[in-house]
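Scope of the values below: all heavy atoms of this structure, side chains included, with no hydrogens, waters or symmetry mates. In this chain, residues are counted from 1 in sequence order. Atoms within each ligand, like the ligands themselves, are counted from 1 in listed order.
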Amino acid sequence: MSAHGTAPGDRHRPTGGSVAPAERAAELTAALGRARERLADACVAAGRARDDVDLVVVTKFFPASDVRVLAGLGVTDVGENRHQEAEAKAAELADLDLSWHFIGGLQSNKASAVAAYSAVVESVDRPKLVGPLDRGAERRGRPLDVLVQVSLDPPGAEGRAGVGPEALPALADRVAQAEHLRLRGLMAVAPPAEDPAVAFERLARLRERLLAQHPAATVLSAGMSGDLEQAVAAGATHVRLGSAVLGSRPTVQ
Ligand SMILES: *Cc1c(COP(=O)(O)O)cnc(C)c1O
């Protein structure tokens, strides 16, 4: 966490299930307000317009009731990283006008099902996902927005998520050629062992190269609770905030 006030998670309470609804709603209202202020400050610092950057609230591990509260506070975009959990929440909250961003590791046998409820799949990191996602988008009768997740880790790093920069152009071409997919841009996570400003600078250059080939791929999803300022400075159009809004997640992920 940065020095932007106390997030609910600073009290290290687990997922919030045992708190009275009114208290939880007050907590979420305050934390969302602080997160929005932080984002506005980051835009000012970077000399960017506030409406250049969209807030995606990452609700993984938190109950649908929290998402409902957030929707009531004007949140329109939510991020989830597990298919079963995302599918269940999207079904339970189908009465709300929410855009679901899938941001997690994706198995190719689940990809088609993820397309059924997702507005955007941000974590496309290999060619094998393109066919199933394309079929899923065709089945739902609406094109699916896709971001290619690119790795900012050193080659060979453990637990590396995302396509390596060398394989990015070919994967982007594959997505762009899929009839029912729309290549919208890139997603990335800063590596834990590096200054995020340096990592996001590399990301900004990868994005420039992608835009030269795919001018409509303007989305850059980067920045989480710990590094949104650096991401906004490097041109992020979407930040994905979890703990800054909802508090700390259980440590087992
Ligand atoms: C969990 C997650 C986030 C949110 O992380 P916080 O540090 O809690 O803001 C953002 N992006 C991805 C890909 C995630 O898995």
Rounded to the nearest 0.5 Å, what separation is found between the CZ atom of Arg68 and the CG atom of Leu28?
14.0 Å
Less than 4.0 Å is my threshold; does some heavy atom of Glu122 fall inside it relative to ligand 1?
no
Distance in Å, Leu186 CG paired with Arg207 CZ, rounded so as to fall on 0.5 Å steps:
8.0 Å
Taking ILVMFWY side chains as joined if any heavy atoms are under 4.5 angstrom apart, and letting links pass through other members, which residues group with Ile103?
Val58, Val120, Leu147, Met187, Val189, Val219, Met224
Have a look at Lys60, Gln149, Met224, Arg82 and point out the one with the heavy atom closest to atom 14 (C) of ligand 1.
Lys60
Using a strict cut-off of 4.0 Å, indicate which atoms of ligand 1 neighbour a heavy atom of Leu241.
9 (O)
Which of Glu87, Glu92, Glu85 passes salt bridge (charged side-chain N to carboxylate O under 4.0 Å, His left out) with Lys89? Answer is Glu85
Which atoms of ligand 1 sit under 4.0 Å from any heavy atom of Ser225?
6 (P), 7 (O), 8 (O), 9 (O)
Check this for me - ligand 1, Gly242, N or O atoms closer than 3.5 angstrom, yes or no?
yes
All pairs passing ring-ring contact (aromatic ring centres under 6.0 Å, His included) where residues 76-129 contributes a residue, at least two apart:
His83-Tyr117
